[in-house]
Amino acid sequence: MILSDILSVLSPAYCRGCGKLLVTGEQFLCVNCREKLEETDFHLQAENLFTQRLTEECEVFAATALFYFKKDNMAQHLIHLLKYKGEEQIGEWLGRWLGEKIKNAPLFQQAEVVLPVPLHKSKERKRGYNQVALFGRTLASVLHLDYIDDVLVKIEANTTQTRKVVWRRLKESEHIFSLQNTHRIEGKKVLLVDDVVTTGATLTNCYELLKTVPNVEIGVATMGYAMLG
């Protein structure tokens with residue numbers, strides 16, 4: 001028996017979707033639950049639902065999300081485990097999944113560095129990690145890009161956005177980010193990553209701030225694309 005086989009016997013892994021015992025080759029989800037994840041394939045299109053959701057001022061070189069994110073669907077469940085249940089390794093799994101999908105996509109081959117949307121330090125301390133960090137680092141590794149997490153900084157911890165109407169989310173997401181060490185991304189094509197795009201307000205605010213850095217171009221990639229309405 002190799003070590004992984006021994007560990008699987010001593011501490012068997014169960015599907016995060018249905019609770020079924022996972023078999024060799026399965027990770028986090030069984031085959032049946034994995035098939036319930038709806039991939040967007042936005043990376044194949046320069047213009048897609050994601051680019052349409054961003055404001056007209058956001059001229060991104062590429063935009064994609066790995067899954068459609070809907071109420072009570074498998075993507076929502078998986079990202080909930082990542083954000084609130086300490087399942088940080090799900091971020092690595094999703095980062096590798098998305099990286100393998102887009103690494104040969106011409107739109108994303110332009111990217112030079114990966115930047116995560118940051119958490120406020122107080123929230124990160126409470127949670128123990130930024131749910132986007134391991135996702136972003138893994139994505140950068142697969143794409144052979146630099147991962148830079150000390151340029152974009154969150155300076156105000158806004159309240160939870162759950163169950164709030166769109167106009168209130170837009171209002172509360174204003175003026176909560178700042179920049180430092182901007183020399184690290186000057187003249188670069190930056191791939192900005194986050195967990196889920198909902199209204200697009202957070203990514204728009206980050207975009208507007210990053211565009212103040214000389215000669216920066218921006219693309220975006222997220223785990224989920226929320227279906228509104």
Side-chain angles (χ1 to χ4, degrees), residues 50-51 53-65 69 79 82-84 88 91 94-95 98 108 110-141 143 145-162 164-226:
F50 198 152
T51 59
R53 181 162 296 179
L54 300 173
T55 65
E56 292 182 359
E57 290 75 20
C58 293
E59 296 182 3
V60 295
F61 64 80
T64 195
F69 182 96
I79 294 173
L82 167 63
K83 292 179 69 172
Y84 304 115
E88 186 181 7
L94 298 183
L98 182 58
F108 287 89
Q110 304 175 60
E112 297 174 274
V113 298
V114 171
L115 258 66
V117 171
L119 276 182
H120 190 271
K121 289 299 182 184
S122 62
K123 185 173 288 188
E124 187 169 342
R125 284 194 298 270
K126 181 178 180 180
R127 187 173 296 168
Y129 57 91
N130 177 357
Q131 73 275 5
V132 180
L134 191 52
F135 170 74
R137 284 198 298 269
T138 306
L139 182 61
S141 176
L143 300 178
L145 304 178
D146 291 331
Y147 176 78
I148 300 177
D149 62 359
D150 63 350
V151 170
L152 192 59
V153 180
K154 195 165 188 181
I155 57 175
E156 178 182 326
N158 59 339
T159 56
T160 179
Q161 297 186 358
T162 305
K164 293 183 180 179
V165 293
V166 170
W167 70 266
R168 185 166 179 81
R169 286 204 298 265
L170 288 169
K171 179 180 177 66
E172 290 193 353
S173 65
E174 293 175 347
H175 311 302
I176 57 177
F177 297 102
S178 182
L179 292 176
Q180 61 184 21
N181 303 315
T182 55
H183 64 280
R184 301 192 66 191
I185 62 169
E186 286 185 14
K188 301 286 188 181
K189 292 192 175 182
V190 172
L191 186 60
L192 181 66
V193 299
D194 202 1
D195 51 8
V196 179
V197 57
T198 50
T199 64
T202 296
L203 291 174
T204 296
N205 287 333
C206 290
Y207 174 95
E208 292 173 349
L209 194 58
L210 290 169
K211 284 298 288 184
T212 65
V213 181
N215 302 313
V216 162
E217 294 184 45
I218 300 163
V220 290
T222 64
M223 303 173 199
Y225 174 88

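Sequence positions, counted from 1, serve as the residue numbers for this chain. Here the structure is a predicted model, which is why all the values come from computation and not from measurement.
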Q: Work out which heavy atom in A140 is nearest to a heavy atom in Y147; give both atom names and the distance.
A: CB-CB, 3.9 Å
Q: Locate the shortest heavy-atom distance separating S178 from I155; write the atom from each residue and the value.
A: CB-CG2, 3.6 Å
**Q.** Non-hydrogen atoms of T202 and F177 that approach each other most closely
**A.** CG2-CZ, 3.8 Å
Q: Look at D146 together with K188 and state whether they make a salt bridge at an N to O cut-off of under 4.0 Å.
A: no
(Q) Quick check for you: to the nearest 0.5 Å, what is the distance between N130 atom CG and K123 atom NZ? (A) 10.5 Å
(Q) When you compare the side chain of Y207 with that of L192, does any pair of heavy atoms fall below 4.5 Å? (A) no
Q. Is there side-chain contact between V113 and L191, with heavy atoms separated by less than 4.5 Å?
A. no
Q: Please tell me if the side chains of F108 and L139 come closer than 4.5 Å, counting only heavy atoms from C-beta onward.
A: no
Q: Sequence neighbours left out, what passes side chain to side chain contact (heavy atoms under 4.5 Å, CB included) with T55? Give chain and number order.
A: E57, C58, T204
Q) Nearest 0.5 Å, what's the CD1-CZ distance between I148 and R184? A) 4.5 Å
Q: Would you check if the side chain of R53 reaches a backbone N or O of T198 as a donor-acceptor pair within less than 3.5 Å?
A: yes
**Q.** Considering all heavy atoms, the nearest T51-A63 contact
**A.** CG2-CB, 3.7 Å
Q. Of all heavy-atom pairs between Y129 and L119, which one has the smallest distance, and what is that distance?
A. O-CD1, 3.6 Å
Q | Side-chain touch V193/L98, heavy atoms, less than 4.5 angstrom | A | no
Q: Measure across V114 and G136 and return the closest heavy-atom pair with its distance rounded to 0.1 Å.
A: CG1-O, 3.8 Å
(Q) Heavy-atom count check: over 12 atoms from other residues, nucleotides or ligands less than 6.0 Å from E59 CD? (A) no
Q | Student check: side-chain heavy atoms of F50 and T222 closer than 4.5 Å | A | yes
Q.
How long is the straight-line distance from NZ of K211 back to SG of C206, given to the nearest 0.5 Å?
A. 14.5 Å
Q: Kindly check if the number of other-residue, nucleotide or ligand heavy atoms within 6.0 Å of CG (N215) is above 12?
A: no
Q) Looking at CG of L210 and CD1 of I218, how far apart are the two atoms once the value is rounded to the nearest 0.5 Å? A) 4.5 Å
Q) So, do V190 and V213 sit near enough that their side-chain heavy atoms are less than 4.5 Å apart? A) no
Q. Who are the side chain to side chain contact (heavy atoms under 4.5 Å, CB included) partners of L134, not counting sequence neighbours?
A. E88, Q89, E92, R137, T138
Q.
For the CG atom of N181 and the CG atom of D150, what is their distance to the nearest 0.5 Å?
A. 4.5 Å
Q: Check the pair L203, V197 against side-chain contact (heavy atoms from CB on, under 4.5 Å), reporting the backbone distance first and the verdict last.
A: CA-CA 8 Å; L203 291 174; V197 57; 4.0 Å; yes
Q) Taking atom CZ of F61 and atom NZ of K189, what is their separation to the nearest 0.5 Å? A) 7.0 Å
Q) Would you say V220 and L54 make side-chain contact, with heavy atoms under 4.5 Å? A) yes
